[in-house]
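In what follows, a structure is listed as structure tokens, so that the remarks can point back to it.
Computed over heavy atoms, backbone and side chain alike; hydrogens, waters and symmetry mates excluded.
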Amino acid sequence: MNQFRCALVGAASFDKEHFLAQDFDEIIAVDGGYAALLEAGVAPDFALGDFDSLGYVPKGVPIEKHPSMKDDSDTALAIDWARLHGAGGIAVYGALGGRLDHTLASVAALVNAARSGVCAVAVGEGSAVVVLASGMSLSLPAYEQGTFSVFSACDVSRGVRESGSLYEVDGIDLPNDVTLGLSNEFKGEPVRISVAEGALVVVLPAVPLADIVVA
């Protein structure tokens, strides 16, 4: 079952096929993501942003308009809006790819969401990004092939565990200035990744959301 019941769609690269294959209870357009949703034939339930990327303010849908001069990205504001309105699991599309600084900002927003107790995943450019905060774990089914990578989003993430993969680790400290977590491999067994303290950025293939279980 897909635990990511709320979808946000932003203005960056939109993996339409992956999005349309999922099932969501609520869909939120984030600025230019409104146009991507209309092109895909999907009517959003809500639209949020400063709408500088879209170029106009949508009509016929509830909106929350923000000034262009603000301290947070539209994606961060949308994640926070969804969290405050009860979303426990959020899938973010249109937030990866394009400008590198925007992608890094989107990952930072995922870190903030995880630390606030929200399960969030970003999908785009053929990848899925999941952030695990202290005490969280990620479980994946058995894949015969493919790679995933794990990086620390803070100075040092402690008690990092990866099991079921080609390279297994059991309770290591993972600093943010090493490449140790790059390119682990699936080997036909269920994989579990967890962190005791800190924040991990896990980069996966764009698998179905139902395969991603965060606890």
Exercise for the section: Enter the distance from S73:OG to D101:CG here, rounded to the nearest 0.5 Å. Expected result: 10.5 Å
Exercise for the section: Look at the side-chain heavy atoms of Ile, Leu, Val, Met, Phe, Trp and Tyr, link any pair under 4.5 Å apart, and say whether L138 and V160 land in one connected group. Expected result: yes
Exercise for the section: Give a yes or no answer on whether the side chain of S165 reaches the backbone of N184 with a donor-acceptor pair at less than 3.5 Å. Expected result: no
Exercise for the section: Output yes when a side-chain donor or acceptor of S13 lies under 3.5 Å from a complementary backbone atom of G94, and no otherwise. Expected result: no
Practice task
Take V131 and V202, measure what side chain to side chain contact (heavy atoms under 4.5 Å, CB included) needs, and give me the verdict at the end.
Solution key: CA-CA 6 Å; V131 173; V202 184; over 6 Å; no
Problem - D74 side chain to G49 backbone, donor-acceptor under 3.5 Å - result: no
Handout entry: Reported CG-to-CG distance for the pair D15 and L20, which is rounded to 0.5 angstrom
Key = 9.5 Å
Handout entry: Check: E185 main-chain N/O paired with T147 side-chain donor or acceptor under 3.5 Å
Key = no
Problem - Gap separating the CD atom of E162 from the OH atom of Y167, nearest 0.5 angstrom - result: 12.0 Å
Practice task
Taking all non-hydrogen atoms of both residues into account, name the closest pair between F24 and A91 and its distance.
Solution key: CE2-CB, 3.8 Å
Handout entry: Joint cluster assignment, Y93 & L38, ILVMFWY side-chain distance < 4.5 Å
Key = no
Handout entry: Lys/Arg-Asp/Glu bridge criterion (N-O < 4.0 Å) met for K16, E39
Key = yes
Practice task
For atom CG of L180, decide whether the heavy atoms of other residues, nucleotides or ligands shown that lie under 6.0 angstrom number more than 12.
Solution key: no
Practice task
Test side-chain hydrogen bond (donor to acceptor under 3.5 Å, both in side chains) on D52 and S68 and set out the steps.
Solution key: CA-CA 7 Å; D52 60 346; S68 57; over 6 Å; no
Problem - Nearest-0.5 Å distance, CZ of residue R161 to OG of residue S137 - result: 11.5 Å
Handout entry: R5 side-chain N/O to D23 backbone N/O, donor-acceptor pair under 3.5 Å
Key = yes
Exercise for the section: Check whether any side-chain N or O of D25 sits under 3.5 Å from a backbone N or O of C6 as a donor-acceptor pair, and report yes or no. Expected result: no
Practice task
Measure from the side-chain N and O atoms of H18 to the backbone N and O of G126, and report whether any donor-acceptor pair falls under 3.5 Å.
Solution key: no
Problem - Point-to-point distance, once rounded to the nearest 0.5 Å, from CG of L77 to CG of D71 - result: 9.5 Å
Problem - Lys/Arg-Asp/Glu bridge criterion (N-O < 4.0 Å) met for D72, K70 - result: no
Practice task
Please name the pair of heavy atoms, one in L140 and one in L204, separated by the smallest distance, quoted to 0.1 Å.
Solution key: CD1-CD2, 3.6 Å
Practice task
Locate the shortest heavy-atom distance separating A12 from A95; write the atom from each residue and the value.
Solution key: CB-N, 4.0 Å
Problem - Short N-O contact, D50 and K65, less than 4.0 angstrom - result: no
Problem - Candidates V129, V130, L110 - the one meeting side chain to side chain contact (heavy atoms under 4.5 Å, CB included) with V201 - result: V129
Practice task
State the CD1-OG distance between I172 and S157, to the nearest 0.5 angstrom.
Solution key: 10.0 Å
Problem - Check: G198 main-chain N/O paired with S134 side-chain donor or acceptor under 3.5 Å - result: yes
Practice task
Treat each ILVMFWY residue as a node, draw an edge where side-chain heavy atoms are under 4.5 Å apart, and state whether V92 and L132 are in one component.
Solution key: no
Completion exercise
So the ring pair (Phe, Tyr, Trp, His ring centres under 6.0 Å) pairs with at least one residue in residues 143-166 (sequence neighbours excluded) are Y143-F186, F148-F186
Exercise for the section: Examine distances only and state if a side-chain atom of T179 and a backbone atom of L182 form a donor-acceptor pair shorter than 3.5 Å. Expected result: no
Practice task
Consider only side-chain heavy atoms of I, L, V, M, F, W and Y, link residues closer than 4.5 Å, and tell whether V107 and V203 are in one cluster.
Solution key: yes
Practice task
Check whether any side-chain heavy atom of F46 sits under 4.5 Å from a side-chain heavy atom of W81, and report yes or no.
Solution key: yes
Handout entry: Working for side chain to side chain contact (heavy atoms under 4.5 Å, CB included), residues F4 and I90
Key = CA-CA 5 Å; F4 303 98; I90 303 171; 5.7 Å; no
Problem - Pair I27-L37, side chain to side chain contact (heavy atoms under 4.5 Å, CB included): steps then yes or no - result: CA-CA 9 Å; I27 298 171; L37 285 168; 3.8 Å; yes
Handout entry: Short side-chain to backbone donor-acceptor contact, Q3 and V214, under 3.5 Å
Key = yes
Problem - Minimum heavy-atom distance L54-P58, with the two atoms named - result: CD2-CG, 3.7 Å
Problem - Ring centroid separation F14 to F19 under 6.0 Å - result: yes
Handout entry: Side-chain heavy-atom pair M136, S194 within 4.5 angstrom cut-off
Key = no
Exercise for the section: Apply the test side chain to side chain contact (heavy atoms under 4.5 Å, CB included) to residues L200 and I193: give CA-CA distance (whole Å), side-chain angles for both, the deciding distance (0.1 Å), then the verdict. Expected result: CA-CA 9 Å; L200 293 181; I193 303 164; 4.2 Å; yes
Practice task
Answer yes or no: is there a side-chain heavy-atom contact under 4.5 Å between V150 and L174?
Solution key: yes
Fill in the blank from the handout: Taking every heavy atom of P141 against every heavy atom of D211, the minimum-distance pair comes out as CD-O, 3.2 Å
Exercise for the section: Tell me whether V123 is reachable from V118 by hopping between hydrophobic residues (I, L, V, M, F, W, Y) whose side-chain heavy atoms are closer than 4.5 Å. Expected result: no
Completion exercise
Heavy-atom nearest pair, V9 first then A36, reads CG1-CB, 4.4 Å
